[in-house]
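Labels below follow one simple rule: chain letters A, B, ... track the order of the sequence lines, proteins then strands, and each chain is numbered from 1.
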Amino acid sequence: AQSVTQLGSHVSVSEGALVLLRCNYSSSVPPYLFWYVQYPNQGLQLLLKYTTGATLVKGINGFEAEFKKSETSFHLTKPSAHMSDAAEYFCAVRTDTGRRALTFGSGTRLQVQP
Amino acid sequence: EPEVTQTPSHQVTQMGQEVILRCVPISNHLYFYWYRQILGQKVEFLVSFYNNEISEKSEIFDDQFSVERPDGSNFTLKIRSTKLEDSAMYFCASSERTASNTELFFGSGTQLSVL
């Protein structure tokens, strides 16, 4: 069965600093990987996804993530944090076999300090 | 922009009572899902639904839970006899296709509090 581990339940950065949110996955078959963001009092919104092809994927709001099979990682980055990026971020995985439902990590809450 | 709508946003109920959480998926989507998030824990899969039947369910989705598409627009989750541990945020989601590379669109959630 697939699983996701997000290192760091809370991350705090200064405005303008690099954002790095870590995600490692476990899957015995090729995974499809997703990052979702949840702003306060809102639903989960897709930031970006990796399915096949280019391993560096770009998403909304300047975020990007790189699929590294050798490291089983899919870390989320943004070069320069904005105050509006403060939210909870969830990494998730799906596969074509076994449990096909989207499986989430425990989430990382990003704080952006002025 | 089309969105998944959930009602109510908050629901308070007494232990042992039945609750129905309601969702209106995006209109051209055919696949529907319920997830829940207990405070401080992971977002957990409950059930997926297609063509008026359950396609997949988790260990959490036991006999006290049921789902229904009562009409052409609504998708509901019923909890027959609520327990304290059912307190959580419940998210509904929908997708156009069931392929695993397909994005799920989520609603804003219903916060269920069981007293």
Side-chain angles (χ1 to χ4, degrees), chain A residues 1-10 23-54 57 59-60 67 74 87-109, chain B residues 1-10 21-26 29 31-50 54-61 67 88-111:
Chain A
Q2 63 268 28
S3 66
V4 172
T5 301
Q6 290 184 243
L7 289 176
S9 58
H10 291 80
C23 172
N24 289 89
Y25 70 90
S26 173
S27 174
S28 58
V29 298
Y32 304 109
L33 296 160
F34 303 78
W35 274 101
Y36 279 83
V37 61
Q38 185 182 25
Y39 298 104
N41 302 314
Q42 295 187 28
L44 299 163
Q45 178 185 2
L46 183 71
L47 271 179
L48 49 79
K49 67 178 182 181
Y50 167 79
T51 54
T52 57
V57 292
I60 61 172
F67 170 61
F74 191 57
E88 185 134 23
Y89 292 80
F90 295 92
C91 184
V93 63
R94 289 185 88 178
T95 63
D96 284 327
T97 60
R99 164 67 62 81
R100 295 185 60 192
L102 191 64
T103 300
F104 285 89
S106 52
T108 298
R109 184 165 297 279
Chain B
E1 185 173 330
E3 60 181 15
V4 175
T5 305
Q6 290 186 243
T7 55
S9 56
H10 292 82
L21 309 183
R22 303 180 190 280
C23 170
V24 178
I26 293 173
H29 286 186
Y31 302 88
F32 315 117
Y33 313 82
W34 283 101
Y35 284 77
R36 78 174 185 188
Q37 184 181 26
I38 295 172
L39 186 64
Q41 297 185 25
K42 292 187 178 188
V43 177
E44 301 172 292
F45 169 72
L46 293 178
V47 66
S48 59
F49 189 87
Y50 168 68
I54 291 172
S55 15
E56 190 176 11
K57 62 182 181 179
S58 73
E59 307 76 29
I60 302 168
F61 194 87
V67 289
M89 178 72 85
Y90 287 81
F91 292 105
C92 174
S94 68
S95 65
E96 280 187 86
R97 302 180 303 275
T98 192
S100 295
N101 59 359
T102 303
E103 172 187 357
L104 270 61
F105 291 80
F106 285 83
S108 301
T110 294
Q111 180 65 56

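- With a 4.5 Å cut-off on non-hydrogen atoms, A:Val4 touches chain B through its backbone but not through its side chain.
- Neither the backbone nor the side chain of B:Glu44 comes within contact range of chain A, judged by heavy atoms closer than 4.5 Å.
- At a 4.5 Å heavy-atom cutoff, A:Tyr50 makes no contact with chain B through either its backbone or its side chain.
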Between A:Phe90 and A:Tyr36, does a ring pair (Phe, Tyr, Trp, His ring centres under 6.0 Å) hold up when you go through it step by step? CA-CA 5 Å; A:Phe90 295 92; A:Tyr36 279 83; 8.5 Å; no

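- At least one donor-acceptor pair under 3.5 Å links the side chain of A:Gln6 to the backbone N or O of A:Gly107.
- Considering only residues two or more places apart in sequence or on other chains, B:Pro8 meets the side-chain contact (heavy atoms from CB on, under 4.5 Å) condition with B:Gln11, B:Thr110.
- Looking at A:Tyr32, only its side chain comes within 4.5 Å of chain B, counting heavy atoms on both sides.
- Remark: B:Glu103 engages no residue in a salt bridge (Lys or Arg N to Asp or Glu O under 4.0 Å) (not counting sequence neighbours).
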